[in-house]
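Below is one structure, written out as C-alpha cells, with a few remarks after it.
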Amino acid sequence: MPEKPYDHKQIELKWFERWQNQPDLYKADSNSSLPKYYVLEMLPYPSGTLHIGHIRNYSIGDALARYKRMRGFNVLHPMGWDAFGLPAENAAIANRRHPREWTRANIDEMKRQHRRMAFSYDWNREISTCEPGYYRWNQWFFLKMYERGLAYRRQALLNWCPNCATVLANEQVVDGCCWRHETTPVEQREMVQWFIRITRYADQLLSDIKQLEDGWPERVLTMQRNWIGRSEGTEVDFALEGDQRKIRVFTTRVDTIYGATCVILAPEHPLVTDLATAGVHAEVRRMIDARGHKDPGDLEKEGLFTGRYAINPFNGERVPIWVANFIVMGYGTGAIMAVPAHDERDFEFCKQYGIPIRPVIRPVDGDLADPVTIREAFADYGIVENSGQFSGLASAEARLRMNEAAGRAGFGSAAVTFRLKDWGVSRQRYWGTPIPMIHCPCCGVVPVPEEDLPVVLPLDVAITGQGSSPLAAVDAFMNVPCPKCGTAARRESDTMDTFIDSSWYFYRYCDPDNAGAPFDTQSAAYWFPIDQYIGGVEHAILHLIYSRFWTKFMRDLGLVANDEPATRLFTQGMVIKDGAKMSKSKGNVISADQMIERFGADTGRVFELFAAPPEKDLDWTDAGAEGAYRFLGRVYRFLTRNADRALAAQPGGASPSESDRRIRRKLHQTLRKVTEDFETRWHFNTSIAKIMEFVNDLYAAEADLSPAVLLEALETLVLMLEPFAPYVAEEMWEQLGRTGPVFRQPWPAFDAGLAREEEAEIVVQVNGKLRARFQAPFGTPQATLETTALGNDKIQQAIEGRRVAKVVVVPDKLVNIVVR
RNA sequence: GCGGACGUGGCGGAAUUGGCAGACGCACUGGAUUUAGGUUCCAGCGGGGAAACCCGUGGGGGUUCAACUCCCCCCGUCCGCACCA
C-alpha cells in the first residue's frame, strides 16, 4: 500500500464525528468490580474560550486517564464549570447581556473545544455551578454549618472602593487602589459579613497534612502549613490602670515578660476608642487608612502613647500603653507586650520612641546585655534573669512554670493561635449563590427552611456595577414572610464567595443529578478519595485549603468517610508565550481553535507533553509544534505504507534477522520507558522522546524487517501513542484492520528479556577520562574485563610509560585505570 | 529580611542509584528528491584545534578511582512568606 499523507483535519474530523455520537464512550461505572481510578483536573472558569494553557492541564490528565483505562481501571474522569463569578457581571455591563446567557454560551463553546481536543470526559456527569440544581447544595451546606455554629455573622473590616461603592476582594486591590479605578485608594470599612468558622478545623487541617506527605508536592504543603500558621504561646491579662477592664496579650515568649516595657495595641483594637483622646483618635484613623494601601514590607513603624498604663501581672509593674501600626488586629489578641531586649521589632520601635529596654535573658554561655549599650535584640532562648522566682531557669522551663503560675493566679494560660482566619464568604454581587438567610424584624436572622431550597437567584436584575448587592433592589426576591413568625421580612442580599462552589464540586461528579442530596454516599465511598488531582499551583492555598476543610466538614456530617479529598496532587507549570504568561492584555493568547486549525488536536497534545516535563513552565513555539506535527506524520506515513506487509505476516515465518532482533529490543526498551514514566514521575517528554527514537530506528531498518516483527512494532507503537495522540492512534488502529476504540485495548506488557542488550558495552577510562570502549558478554568476570581493557591498543598508548596504581572495575559497565 | 526551588549547547530539554555530558526536538548547515519553493528522506551540528588532543554542566573550593549529580562558600533567576508577637 502506498503511504498516505498525514491529513490531520480529515483524520480528526472523521473520529470527532464518530465519537460525538457515542455519549457513553467514556462513561464511568459506579457499580463496577474493576479497581477504580479517579483522575480530576481543576474545573475551569468558563471565560469563553479554551487556550493552550488550559490544554496542557487537560492533556496531562487525559493521558493518565487513557493509560489507566488500558491498565484495566474503572476510570472516573469528569469535567464541569466554575460558572459563577464577577467576569459574567462585567460582561453583562459591557455587552448588555445577561450573565446566565453569557455563561451558558461560553460553556457551550468551551465544551465543544474540549470535545474537539478528544479529552476523554464522561460528559454524563458534567456540572455547572451556576445552576440551581447545584447551588442549592451550597445553600444546604450553609444551613448545616449554621446549625453547627460554623456559619456566623459579625462586623468585619473590608476593602471598600468609594468609586464602585462596593466591597473588593483582596485580589482586586492593586497597590492599595481599586483595580478598576487605579487612582482611587481603597478604604477599610466595617461591614456585617457572613463567616465560616474554618478555624475550628485549623488543628486538623494542619495535622492531616501528614496524610498528604507522599502524594502532594512539598511546596504546596509548606505553603499550607505557613498559611495555617499554628503558634504555641501564652495569653496574659494586663490590668488596665484605673479601670476594671483588662488587656489580653498573646506571646510566644512569656519567659521574657519581666522585660516588658510597654503594651501595644493594634490601631483597630476595640479598647483604642475608649482609651485614646480625640486627637489620638484621628491619628489612629489615619494609621489604619495608610496601612490599607501600602505594602506592609515598606511601612515605617509608627506609634502613639495613649496616656494610659497597664499593670504587668507578674511583677506588678506599671507600663505605658501605646498604639502602633505594626500590630495587626487579625492575629492573636491584637495586643502585645513589647520586650525590646528580646524581639527585633519591639527593639526597633522602643528605640525610636525612647521606651526603656530591659534585658532579662542571657545566652547560655554569656552575660546579660547592658540596657544602655545594647545594640540589638537577643531573640534566642537562654537563661532567664531578673525575673523574680523564675530567675536562673532555662527559657523552655520558665515558659512552662510561668504558664502554670499564670493559670493558678487566674491572669493567663497557655494558648494556641493560628494565622488562619475565619473565611469571609459574603459578596455584594449578583452572580453567585444566594445566602439562604432571612432578616426578620421580630426574630432576627432566620435560616431558610431546608424544604424551601433552593433560594433561586432571580434573573430579572439590573446590574450596573454601581452600588452594592444588586439583589437588594429586587423586591420580588427580597420580600418574604419570616419562616418563624410570618412577619414581613427581607432576604439576605449578599451572595456566596465562589470558592464555596469549588470546595466540594468533585463529590457532585459521583452523582450529578441527585435532587434529594448533594450526592449518594455509596457512590462517594466508592470513588473517593480522588486518586490524582491536577491543577495550577496558584490554587495551593485558597481552593485547596477550602476543599480540605469542606471534606472534613462533610465527614463530620456523615456524608463521606475520607479525611482528605485527594490522595495525590500534581501541579503543572504554566504555558509561556514570547517570554510571558499568556494574557489578553499582552495579546499573546493562542486559542484552542487556532491551534487545532493549524496543527490539530493530537499535535497540540503531543507538543505540550513533549516540550518540557509537566511540572515545569513550558514555552510554546510554533516551530516546536511543527516538530511534533512532523513526528506524527512520520509515524502515520510509516504505518500506512507498511500495514499491508505487516498484516501478511504468517505464523512461524522466516527466522528473525539481526534487524528484527534489534528492533524488538528497542521496542521493548521503549515500552519499558513509557510504562515507567506513567507509573512514576510522568516525564512524558522523555517517553515521547523514546518513542521518537524508536520511530527513527524503524525508518532505518524498514527494508530489513520481517512482517511479524513489523506488525508487533506497529501495533505496540499505536498503543503507546494512544494516551498522547488519540485521533491518529485510532485511525492507525483501523488501518491495521483492528477494531477500536484503542483506549479499551490492554496496555502491552514489556518483556525484560527482549529489552535486554545482548552484550554489555564496557567503557574504559584512564584517570577518569574516556579512552576506549569494547563489547563483552554480561557477567564477564572482573579480572577478564581488566585484562581486556589493559590489552586495548588505545589504552596501551594512553598509559605508556606510567605506572598503573589501581584499576576500578564496575561489572558490565566500566573499567577505570588509575596511573601515575 | 526569612524559607524553598532552580542554574547544562544558539533554544526547549535529557542524563532516574556518583560511572560515556548534551538523548529527543527546534534552529542552523550540507546533500538527495523536485522545473522551483515547500514537503519528504539522508547526514552534520558544545567550544578550541590540521590532528593528536585540550577545555566544558553559573563562579570558587572540597570529598572520590570517578561529580551535572554529594559537601562548603559565593553569584544569579524564579516562587512563597513577610511586622504573625
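Residue numbers begin at 1 in each chain, while the letters A, B, ... track the order of the sequences. Just so you know, these numbers come straight off a predicted model, no measurement behind them.
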### Query
Do K673(A) and E676(A) meet the salt-bridge criterion of a basic N to acidic O distance under 4.0 Å?
no
### Carboxylate-amine/guanidinium contact R598(A) E626(A), below 4.0 Å
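Yes, R598(A) and E626(A) are salt-bridged.
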Looking across every strand, which nucleic acid part, if any, lies under 4.0 Å from [X] by heavy atom: base, sugar-phosphate, or nothing?
X	result
G627(A)	sugar-phosphate
E218(A)	nothing
Y699(A)	sugar-phosphate
D346(A)	nothing
N767(A)	nothing
T251(A)	sugar-phosphate
K301(A)	base
R630(A)	sugar-phosphate
I691(A)	nothing
K673(A)	base

### Message
Is the shortest side-chain heavy-atom distance between I336(A) and F250(A) below 4.5 Å?
### Response
no
Any idea which of [options] is nearest the [X] side chain?
X	options	value
V328(A)	rA85(B), rC24(B), rA14(B)	rA85(B)
N816(A)	rC20(B), rC65(B), rC42(B)	rC65(B)
L814(A)	rA82(B), rG19(B), rA15(B)	rG19(B)
L770(A)	rC26(B), rC20(B), rG13(B)	rC20(B)
R637(A)	rU40(B), rA14(B), rC24(B)	rU40(B)

Short side-chain N/O contact from [X] to OP1 or OP2 of [N], under 4.0 Å:
X	N	answer
N226(A)	rG80(B)	no
K666(A)	rA23(B)	no
R634(A)	rC42(B)	yes
K806(A)	rC65(B)	yes
R219(A)	rG3(B)	no
K616(A)	rG13(B)	yes
R225(A)	rG3(B)	no
T680(A)	rU16(B)	no

Write down the partner of [N] under the Watson-Crick or G-U wobble criteria, each distance required to be under 3.5 Å.
N	answer
rA32(B)	rU40(B)
rG1(B)	rC81(B)
rC26(B)	rG10(B)

### Message
Can you tell me how the ring of W322(A) sits relative to the ring of F349(A), calling it parallel under 30°, perpendicular over 60° and tilted otherwise?
### Response
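The rings of W322(A) and F349(A) stand perpendicular, inter-plane angle above 60°.
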### Task
Measure the acute angle between the ring planes of Y699(A) and F638(A), then classify it against the limits of 30° and 60° as parallel, tilted or perpendicular.
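The rings of Y699(A) and F638(A) sit tilted, inter-plane angle from 30° to 60°.
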### Message
Please compare D343(A) and V810(A) by the position of their nearest nucleotide in RNA chain B and report the one closer to 5'.
### Response
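Mapping each residue to its closest nucleotide by heavy atoms, the 5'-most match is V810(A).
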## Note on the structure
Taking for Q797(A) and for G334(A) the nucleotide of RNA chain B with the nearest heavy atom, the one nearer the 5' end belongs to Q797(A)
### Qualifying residue for ring-ring contact (aromatic ring centres under 6.0 Å, His included) with Y6(A), from F631(A), Y629(A), F599(A)
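That would be Y629(A); it is the only one of F631(A), Y629(A), F599(A) passing the ring-ring contact (aromatic ring centres under 6.0 Å, His included) with Y6(A).
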### Message
Is it the case that rC20(B) (base atoms only) and E761(A) (side chain only) share a donor and an acceptor within less than 3.5 Å, ignoring hydrogens and angles?
### Response
yes
